[in-house]
Protein chains: 2
Amino acid sequence: MSSPDTAPPARRQTRQRTAVLELLDELDGFRSAQDLHALLRERGDSVGLATVYRALQALVDDGLVDVLRSGEGEAAYRRCSPVHHHHLVCRACGRTVEVADPPVERWAARIAAEHGFADVQHELEVFGTCGSCAAGRG
Amino acid sequence: MSSPDTAPPARRQTRQRTAVLELLDELDGFRSAQDLHALLRERGDSVGLATVYRALQALVDDGLVDVLRSGEGEAAYRRCSPVHHHHLVCRACGRTVEVADPPVERWAARIAAEHGFADVQHELEVFGTCGSCAAGRG
DNA sequence: CATGTGCATGGGAATCATTCTCACACAGCT
DNA sequence: AGCTGTGTGAGAATGATTCCCATGCACATG
Ligand SMILES: [Zn+2]
Ligand SMILES: [Zn+2]
Ligand SMILES: [Zn+2]
Ligand SMILES: [Zn+2]
């Protein structure tokens, strides 16, 4: 009943997808698809822009990458751990720290239940200026 | 030192801005600028699309309206109370409930301080399916 | 109330991220 | 090596949001 075979991913391993994931592994903060595309080009592992978008989408679907849609109209991607977590992001340099807050998990479930909501999900991000950036021009 | 006169708003009251705010007052959930523009047109109070965007931006700046940028590339606006709060939003019908969680406010400040981050802000939204929508085809 | 000044408006062009199209390349399997 | 269906890439297409700029109107003034 619970869709036993959710269409086996059967992701094909290509140079492009490997390049995107390796690049993300080397970077620390969230980066836009356009940025990643440019970085790959500089680096030599040139990959088509559309392919970068497709690879990122696949990685997100597989839970290997997190996507952040805050602020402007440019999504940012980051290689993250597969367990549920939230982010503390520096507005200036993009440095990111994965953080967890068990209480908020419970709170979200409870508040949703109290209002009769089901199928609950939540998004929690914290933005700020990291020490280096706060210190004069870090 | 704390910028005493932050350029007095001096917002001019026009038919268009009034129409946008009144429409938002009648609606319950988050709506996109395009939706609002269409609704205004139907209703008769036709307002240029660019003007709708400008009015919404002004309202957001004045803290009278909240903007939600989750999911797709379409920002959603809603008339909200001016005090800090978060949202419990129905993915299906858009129904929205303003909620507060004092603990998370403290947690965000603490976690940020622990990592040397200053100038902290946070975003927390809860998504789900409301009772009406969950009930068969509400 | 008449008048002047400057912000506000609108609509069509411009911008920009993201997606689509589709012919061609190649990863994985036999 | 040969098949087959997925993955790729370049450019077009899409769609939301912003820009431009000539005209309109809110509002302070006398
Ligand atoms: Zn993450
Ligand atoms: Zn959580
Ligand atoms: Zn709100
Ligand atoms: Zn809060």
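Here is how names work: the chains are called A, B, and so on, in the same order as the sequence lines, proteins then strands, and each is numbered from 1.
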Distance-only donor-acceptor test, B:Arg12 side-chain atoms vs C:dC7 base atoms, 3.5 Å: yes
Touch class at under 4.0 angstrom, heavy-atom based, for B:Thr14 against every strand present: sugar-phosphate
Interatomic distance, B:Gln34 CD vs D:dT18 C1' [rounded to whole Å]: 12 Å
Side-chain heavy-atom pair A:Gln34, A:Tyr53 within 4.5 angstrom cut-off: yes
Euclidean distance, atom CD of residue B:Gln57 to atom C1' of D:dC19 [Å, nearest integer]: 15 Å
Base D:dG9 paired with A:Arg54 side chain (donor-acceptor, <3.5 Å): yes
Check: D:dG24 base within 3.5 Å donor-acceptor of B:Arg15 side chain: no
Pairwise distance SG(A:Cys130) to CZ(A:Arg91) - rounded to 0.5 angstrom: 11.0 Å
Nucleotide nearest B:Thr51 when distance is taken to its side chain, options C:dT18, C:dG10, D:dG11: C:dG10
Geometric class of the B:Phe30/B:His87 ring pair [parallel <30°, tilted 30-60°, perpendicular >60°]: perpendicular
Sugar-phosphate, base or nothing in reach of A:Gln13, heavy atoms under 4.0 Å: sugar-phosphate
Considering all heavy atoms, the nearest B:Asp66-B:Cys80 contact: OD2-SG, 3.4 Å
Protein-nucleotide distance (A:His37, atom NE2; D:dG11, atom C1'), rounded to Å: 13 Å
Distance in angstrom units between A:Arg31 CZ and C:dT18 P, rounded: 15 Å
Atom pair distance, as rounded to whole Å: CZ in B:Arg17 and P in D:dC25: 15 Å
Distance, rounded to the nearest Å, where A:Gln16 contributes CD and D:dG7 contributes C1': 8 Å
Whole-Å distance separating the CZ atom of B:Arg11 from the P atom of C:dG6: 19 Å
For atom CG of B:Leu56 and atom C1' of D:dT17, their distance in whole Å: 12 Å
Check: A:His122 and A:His84 side chains under 4.5 Å, non-hydrogen atoms: yes
Options C:dA17, D:dA16, C:dT9, nucleotide nearest the side-chain atoms of A:Tyr53: C:dA17
